[in-house]
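Reviewing the structure listed below.
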Amino acid sequence: MSAVREVSHDAKRARVAAELARVLPAKSVLVEREALKPYECDGLSAYRETPLLAAIPADESEVAAVLAVARATGTPVVARGSGTGLSGGALPLSDGILLSLARFNRVVAVDPLARIARVQPGVTNLKISQHVAHLGLYYAPDPSSQIACSIGGNVAENSGGVHCLKYGLTVHNIVKVRVITVEGDIVDLGSEALDSPGYDLLATITGSEGLLAVILEVTVKLLPKPEVAQVVMASFGDVESAGEAVARVIGAGIVPAGLEMMDKLATRAVEGFVHAGYDLEAEAILLAESDGSREEVAHEIAQVIEIMRSSGATDIRCSSSDAERLRFWSGRKAAFPAVGRISPDYYCIDGSIPRGALAKVLKRTEELSARYGLRCANVFHAGDGNLHPLILYDANIPGELETTERFAADILELCIEVGGTITGEHGVGIEKINQMCSQFRPAELAQFRAVKAAFDPEGLLNPGKMVPTLHRCAEYGAMRVKGGALPHPDLPRF
Amino acid sequence: MRSQALAALRAIRPPMTVISDDEGLKPFETDAFIAHRETPMLAVLPDDEAQVRQVVKACHALGVPVVSRGAGTGISGGAIPHRDGVLLVLSKMRRIDEVNALARTATVEPGVRNLQVSEAVAHLGLFYAPDPSSQSICSIGGNVAENSGGVHCLKYGLTTHNLLAVRAIDADGDVIDAGSLALDAPGYDLLALLTGSEGNLGVITRVTVRLLPLPERTETLLAAFPSVRQAAEAVGEIIGAGIIPAALEMMDRIVIEACERFMAMGFPTGAEALLLAEVDGGKEEAGEALEAVSAILARCGASEVRVAADSVERERLWKSRKGAFTALATILPDYYTIDGTIPRRCLPEVLAEITRLSAEYGMTVGNVFHAGDGNIHPCIFYDAGKPGELERSEEFGGRILELCVAVGGTITGEHGVGIEKLRQMCVQFRAPELAAFHDVKRAFDPDSILNPGKAVPTLKRCAEWGGTHMRAGRMPHADIPRF
């Protein structure tokens, strides 16, 4: 049986490769196993798959040609930018074409007066800001991977970053996208003006994880670089007071550029790594950044310090130079590699909750940590309620990965229970497809599938990601019957 | 069909108001796009979401169109009834379900008035930012359906930027919860898709809006300019300097004079354009912005800059802007307000071209608009009593919208497409784009019972209109079958 599959698989590869060879230059099609190796996973490296083959088109007409071959041969297509995604959105399919947009790496045009830049999808996030720095402008969304991640991938995943509390997610910072549908139609969505009539397909495409169309060009908004930035670092004797301080900062109408929290396990791991000068006795540390004009920042920092003090901060420090500000941040930015030093493996969760539930969720996470016997460090975007619990485990201990995954699933379900969601900025991909069954009711999932079918009736674009089938939800539901109540009881089961 | 539908609606329990007599249906025959009228087959005024679901299910089963209506203040005809359809009036669903001061959210029913939200949370020091001029009467459900803007959306965004979650009933009567109370929601962005969908994708039954803290300090400036071009350049300079005023409005001489006649504002005489700018925020922030804006206005050639000394004077200045459309009625009996958007940098060029078209058509145009975000509202004056003038004003309006598209703008800023601008949708979009819209419509409403015939033209209609809109010898949508 498996030999038969192998033969037919190879035959299919040969057939699709032959079709592609007619429309693309030879160097743009990869078929050898070694050449395909680098594409076998994205940032969710626990999942790997070798694609049928990879195509690296150089222009729009070549992308159209690849899609035409995909349609003609009924071959699925997975689009990929830089492959830094954390939920497996760019995980290849063994019977699918991996479509790399790496050659689309040009900044096409910059309009400083309108403060927009038109870029190709393969341009890295940071390159946009570097390209317009001489104009005193920058592109605001800053995923931690910004040095490597591509803008096309940012749009596909609706990426966030440390500063999205003030400046918004990707969807809030783009004005237009040019996409090609699986049928080969090139469609321009959004506009350079205030609003665009018709349904908001720009927002629909943003965060659609490669399921609706392939992104060919993105027009991003640019912002003037703030005059100054300053950061306050506050220590707390318990996590609840830190959570309370976050709620009060936001409640006071302050929108910090960043508002991040780290718990004791995280700060201790980090301090040994970067020596940022963190308070090692604190149960939680808050970092609050303010940016803007001098007066604005001075005013905001004074307000933040006052709130930290009245919320019971045991120690408050304020950066007095840009070097010190960067040192305070260095620990936060290095948190993930630092945690990697104290544990052989870790699993980073991405969930979001209404800010008011912060203290409750942190407490429940602590209880779950005790129950599963696995340590959990918390480093996250507290200001917008985007949690990133890091579960520490050892993959070499039999069963620990599975325990970790159960722990992680419990945390995500907890997010839903308090009115939050199973993703903040990493997307669903393959990683959280089961939790989509908990997040949404069958009517909503059916609506997602209807939207998918509207763009891609044959399901050729990134099939099997983001939106679970009802069948899959039924199976997941059977696995996770809670409190005697079967989720989605109205679904047919097998 | 009418009697079947009536029976089905009357069978809904608990019973709700069902209107079937001509006299009762009369008030619903139009929204604020009063040039067009239609009497609905029936109208219903449900009290709650459960009844809305039953209405939609009943209509779906019978294949009867459903047109939703909030307060009926929309000006593109989105709520104009369907002759063979049920008008679903949501004005009785006007409860504020929950206000969460800590999370700064309010969850309201669709019939709640826009201003009512701000009034209900004022004691908490909060407000709901989008402020269409009709805010004292327009409903939140309608705001969501049209993605409404307002004077302050330059800084605070359109409706879509101020929503966290929406509950809608789809064409099958299923409940769809879109968005979330947290930062982001997984899956496709159905919240953004429903917002501005003009009643085509679902019936909105609940809205969770974002609330903002009332700004600590607000400053309002009025600047007079000897030319429209200088005023338009000042707008570009202010935005280019990285300042985002809470509002930045412009009026030209026609409008200034009308306001002066009507309200005796004491505006500087001889000005060709006025800019009304508002900055708000923390004490320092607003003070700093006030200085920066004043300096730019002076540098760009303002002949006079006034700063409102107190809130009474501020109210007075805003009265001139918000009352402008009423004042315009003193010029000629009728006027047609256009709503288009353009990239800000094209402001001087577009205004010049409108002046040229005004001469070509021999019709006066007044300009009063949201200059900061490039949302123009030219008002074409005409006398409907004179044969052919209405048609000519519509043709002129169409030319202005096409000009917006030509410079990279769009045919609507905040009023929606409805039936008013269906034709210009064919100019705005190419066939594949319109096809994508239709695909989305089908994904939500395969039998097309929700507000059919609005917002998105059929390719067939575009093809028919294409004949009259041939540009530069090129037939639009050449690939569409014609008759």
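Residue numbers start from 1 in every chain, and the chains themselves are labelled A, B, ... in the order their sequence lines are given, proteins ahead of strands.
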The interface call for B/V417 against chain A, heavy-atom contacts under 4.5 Å, is side chain

If you tally heavy-atom pairs under 4.5 Å between each of B/G240, B/S197, B/G187 and chain A, the highest tally belongs to B/G187

Contact check, side chains of B/V175 and B/R167, non-hydrogen atoms, under 4.5 Å:
yes

When the 4.5 angstrom heavy-atom criterion is applied to B/V407 and chain A, the contacting part is neither

So, the part of B/L158 with a heavy atom under 4.5 Å from chain A: the answer is side chain

Answer key: most heavy-atom pairs under 4.5 Å with chain A among B/L193, B/L154, B/D174 is B/L193

Should the pair A/R441-B/D177 be classified as a salt bridge under the 4.0 Å nitrogen-to-oxygen rule?
yes

>> Could you check whether any side-chain heavy atom of A/I174 comes within less than 4.5 Å of a side-chain heavy atom of A/K221, counting everything from C-beta outward?
In response: no

Comparing A/A193, A/A247, A/G251 against chain B, the one with the most heavy-atom pairs below 4.5 Å turns out to be A/A193

Taking it one step at a time, do B/D280 and B/Y156 satisfy side-chain hydrogen bond (donor to acceptor under 3.5 Å, both in side chains)?
CA-CA 11 Å; B/D280 67 9; B/Y156 297 107; 2.8 Å; yes

All heavy atoms of B/G78 vs all of B/N451, minimum pair found to be O-ND2, 3.0 Å

The interface call for A/D188 against chain B, heavy-atom contacts under 4.5 Å, is both

Applying a strict 4.5 Å limit to non-hydrogen atoms, the region of A/K452 in contact with chain B is both

Most heavy-atom pairs under 4.5 Å with chain B, out of A/G356, A/S293, A/G207, belong to A/S293

Cut-off 4.5 Å, heavy atoms of chain A, and the answer for B/E198 is neither

With chain B, the option among A/G419, A/P457, A/G424 that has the most non-hydrogen atom pairs under 4.5 Å is A/G424

Applying a strict 4.5 Å limit to non-hydrogen atoms, the region of A/E295 in contact with chain B is both

- Test item: side-chain donor near acceptor, B/T410 and B/T341, under 3.5 Å: yes

If one checks every heavy atom of B/L190 against chain A at 4.5 Å, the contacting part turns out to be side chain

Whatever's closer than 4.5 Å to a heavy atom in chain B on A/V187 counts as both

Checklist entry - Has the side chain of B/N375 got a donor or acceptor atom that lies under 3.5 Å from a matching backbone atom of B/H370? => result no

With the side chain counted from C-beta on, respond yes when B/D172 and B/K57 share a heavy-atom pair under 4.5 Å apart, and no when they do not. no

Would you say that A/V155 contacts A/V177 through its side chain, given a criterion of any heavy-atom pair below 4.5 Å between the two side chains? yes

If one checks every heavy atom of B/D170 against chain A at 4.5 Å, the contacting part turns out to be side chain

Counting heavy-atom pairs under 4.5 Å with chain B, the top scorer among A/L189, A/L212, A/N386, A/I422 is A/L212

**Message:** Between A/L387 and A/S352, is there a side-chain heavy-atom distance shorter than 4.5 Å?
**Reply:** no

Ranking A/P224, A/A203, A/G420, A/S191 by heavy-atom pairs under 4.5 Å to chain B gives rank one to A/A203

| message | Classify the ring geometry of A/H388 against A/H426: parallel below 30°, tilted from 30° to 60°, perpendicular beyond 60°. | response | parallel

Under 4.5 Å to a heavy atom of chain A? For B/Q428 that would be side chain

With chain B, the option among A/Q447, A/E209, A/R355, A/R248 that has the most non-hydrogen atom pairs under 4.5 Å is A/Q447

Applying a strict 4.5 Å limit to non-hydrogen atoms, the region of A/L202 in contact with chain B is neither

Greatest number of non-hydrogen atom pairs under 4.5 angstrom with chain A, of B/P186, B/G125, B/A185, falls to B/P186

Under 4.5 Å to a heavy atom of chain A? For B/A455 that would be neither

If one checks every heavy atom of A/I250 against chain B at 4.5 Å, the contacting part turns out to be both

When the 4.5 angstrom heavy-atom criterion is applied to B/K441 and chain A, the contacting part is both

So, the part of B/R104 with a heavy atom under 4.5 Å from chain A: the answer is side chain

Task: Donor on one side chain, acceptor on other, A/S290 and A/E300, under 3.5 Å - done: yes

Is it the case that B/D339 and B/T412 place a side-chain donor and acceptor less than 3.5 Å from each other?
yes

Under 4.5 Å to a heavy atom of chain B? For A/V451 that would be both

Take A/K432 and A/D350 through the test salt bridge (charged side-chain N to carboxylate O under 4.0 Å, His left out) and record every step on the way to the result.
CA-CA 10 Å; A/K432 285 185 275 200; A/D350 170 48; 3.5 Å; yes

The interface call for A/E192 against chain B, heavy-atom contacts under 4.5 Å, is both

